[in-house]
Amino acid sequence: MWLLSAILAMAMLVSCSGESARVKIEEPGGADQTGSAAIEFAPPSPETIPGSQLGERIRLGYQIVVNTQEYARFYVGNRLNCTNCHLDGGLNPNAASFVGLAAVYPEYRASNARVNTLADRVNECFERSLNGRALPPDSSKLQAIVAYITWLSRGVPQGATLSWRGLQRIDSRRPLDPANGKNVFANKCAFCHGSDGLGTMAGPPVGGPQSYTIAAGMARVSVAAAFIKSNMPRARGWSLSDDDAYDVAAYINAQPRPDFPGKANDWPKGGKPADAPY
Ligand code: HEC
Ligand code: HEC
């Protein structure tokens, strides 16, 4: 328990310093692509969710995000919670943050060649990242998650460019080295994620039947490498070289994981990324 609190406290500290790193790197010279002033990453804290009826819905959304296993169990098919990847309840600007997303959806996505609502995108992660099932459109849980993200997007104008959006991509400058990936995992990851990658009390599974599916964003090596570079080992983001982040991402994504039955329907009109695993 003591160790766990120490790790959590460290994680909080580092996610704060990581925050400034991300904003410094990404801030496009004080102006976004539309020429207006850059939008600041200034989300409200979940502690300030109001006590109103709407506030109750927002709070439920927050609870589902940080404890998906308990609050949306029926829709989850593995051992992950949203916050395991969207770190700090979606408030971490280095980990595919939820902040501002209500201002950028609905949005066209090449992966399904249609305009997706925010609720569609949430369901995509339920199906692919959590190996679960989509929530019905009228589900109060789905509406609660959307309400939480909408609350985190207050003050962000519709159509704004979010400098912190997604994951900060990196490049590897040499071919992948599987032996190095295996070594990095054993030395820097196995302590928390288990030597087999199946997870421990200190870290969720990164492979095996309880992990994300082959059709999840994280199953692409470039996406996992970006996430790992800025966030892993937990509380020591930016400590791996870009090459090490790529090699270990390739290593975990080569582990067995759930298939995704609908994968044949992806990218119906093209636009498939080069590192899609199928
Ligand atoms: C295994 C890791 C993982 C888990 C678990 C996960 N996601 Fe995601 N999610 C991702 C990745 C990776 C992306 C894509 C980020 C990018 O585009 O750079 C993403 C994208 C998203 C987006 C769109 C972000 C954007 O910028 O458009 C939303 C919304 C989202 N997830 C919601 C959720 C919710 C809600 C849950 C829990 C029900 C969840 N995710 C669980 C990895 C995960
Ligand atoms: C100190 C413990 C610790 C170490 C070491 C560590 N992780 Fe993690 N990792 C975590 C925790 C905890 C989470 C979930 C974060 C949360 O919920 O706040 C996580 C999440 C992840 C995720 C997304 C969720 C999932 O399980 O798919 C990936 C991928 C990941 N880590 C990969 C790595 C890699 C690769 C390394 C080694 C370079 C590494 N981690 C080292 C603790 C650790």
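In listed order, ligands and their atoms are each counted from 1.
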Next item on the list: Could you tell me whether a side-chain N or O of N112 sits under 3.5 Å from a main-chain N or O of W267, the two making a donor and an acceptor?
Entry: no
Item checked: T200 side-chain N/O to C192 backbone N/O, donor-acceptor pair under 3.5 Å -> yes
Sub-4.0 Å heavy-atom contact, [X] with ligand 1:
{"X": "F98", "value": "yes"}
{"X": "F227", "value": "no"}
{"X": "I64", "value": "no"}
{"X": "L130", "value": "yes"}
{"X": "N84", "value": "no"}

Notebook entry, point to check: Is any heavy atom of the protein nearer than 4.0 Å to atom 18 (O) of ligand 1?
Noted result: yes
Item checked: Distance flag for atom 11 (C) of ligand 1, protein heavy atom under 4.0 Å -> no
Looking at [X], which atoms of ligand 2 are within less than 4.0 Å of one of its heavy atoms?
{"X": "T83", "result": "16 (C), 17 (O), 18 (O)"}
{"X": "P205", "result": "25 (C), 26 (O), 27 (O)"}
{"X": "L87", "result": "15 (C), 16 (C), 18 (O)"}
{"X": "L240", "result": "38 (C)"}
{"X": "C85", "result": "23 (C), 24 (C)"}
{"X": "Y212", "result": "27 (O)"}
{"X": "C192", "result": "1 (C), 2 (C), 3 (C), 4 (C), 5 (C), 42 (C), 43 (C)"}
{"X": "K188", "result": "5 (C), 37 (C), 41 (C)"}

Margin query: Using a 4.0 Å heavy-atom cut-off, which part of V65 comes near ligand 1: side chain, backbone, both, or neither?
Written below: neither
Could you tell me, atom by atom, which parts of ligand 1 come under 4.0 Å of a heavy atom of [X]?
{"X": "Y105", "value": "23 (C), 25 (C), 27 (O)"}
{"X": "V223", "value": "12 (C)"}
{"X": "L167", "value": "18 (O)"}
{"X": "S129", "value": "3 (C), 4 (C), 5 (C), 6 (C), 7 (N), 42 (C), 43 (C)"}
{"X": "V122", "value": "35 (C)"}

Just to be sure I read this right, does ligand 2 sit under 4.0 Å from the backbone of [X], its side chain, both, or neither, counting only heavy atoms?
{"X": "L80", "result": "side chain"}
{"X": "N81", "result": "neither"}
{"X": "A202", "result": "backbone"}

With a 3.5 Å cut-off and no angle check, do the side chains of [X] and [Y] form a donor-acceptor pair?
{"X": "Y278", "Y": "D266", "answer": "yes"}
{"X": "N253", "Y": "Y212", "answer": "yes"}
{"X": "D88", "Y": "N92", "answer": "yes"}

So with a 6.0 Å cut-off around [atom1] of [X], is the heavy-atom count from everything else above 12?
{"X": "Q158", "atom1": "CD", "result": "yes"}
{"X": "R169", "atom1": "CZ", "result": "yes"}
{"X": "Y148", "atom1": "OH", "result": "yes"}

Notebook entry, point to check: Can K229 and D244 be counted as an ion pair, charged N to O under 4.0 angstrom?
Noted result: no
Next item on the list: If you have a sec, read the angle at atom 8 (Fe) of ligand 2 from M232 atom SD over to H193 atom NE2, to 10 degrees.
Entry: 170°
Next item on the list: Please determine if atom 8 (Fe) of ligand 1 has an N/O/S atom from H86 lying under 2.8 Å away.
Entry: yes
Next item on the list: Verify the distance test for C125 against atom 8 (Fe) of ligand 1: any N/O/S atom under 2.8 Å, yes or no.
Entry: yes
Next item on the list: Using distance alone, determine whether R165 and ligand 1 share an N or O pair under 3.5 Å.
Entry: yes
Checklist line | Any N or O of E107 closer than 3.5 Å to N or O of ligand 1 | finding: no
Note to self: Do H193 and P205 have side chains that approach each other closer than 4.5 Å (heavy atoms only, starting at C-beta)?
What the structure shows: no
Check: Are R133 and F74 in a cation-pi setup, meaning NZ or CZ lies under 6.0 angstrom from the ring centre and within 45 degrees of the ring axis?
Finding: yes
Check: Using 30° and 60° as the class limits, which term best fits the ring planes of F185 and Y251: parallel, tilted or perpendicular?
Finding: tilted
Next item on the list: Pick whichever of Q168, R121, R109 has a heavy atom sitting closest to atom 22 (C) of ligand 1.
Entry: R121
Notebook entry, point to check: Is the shortest N/O to N/O distance between R234 and ligand 2 below 3.5 Å?
Noted result: yes
Would you call [X] a ligand 2 contact, heavy-atom distance under 4.0 Å?
{"X": "S211", "result": "no"}
{"X": "F191", "result": "no"}
{"X": "A224", "result": "no"}

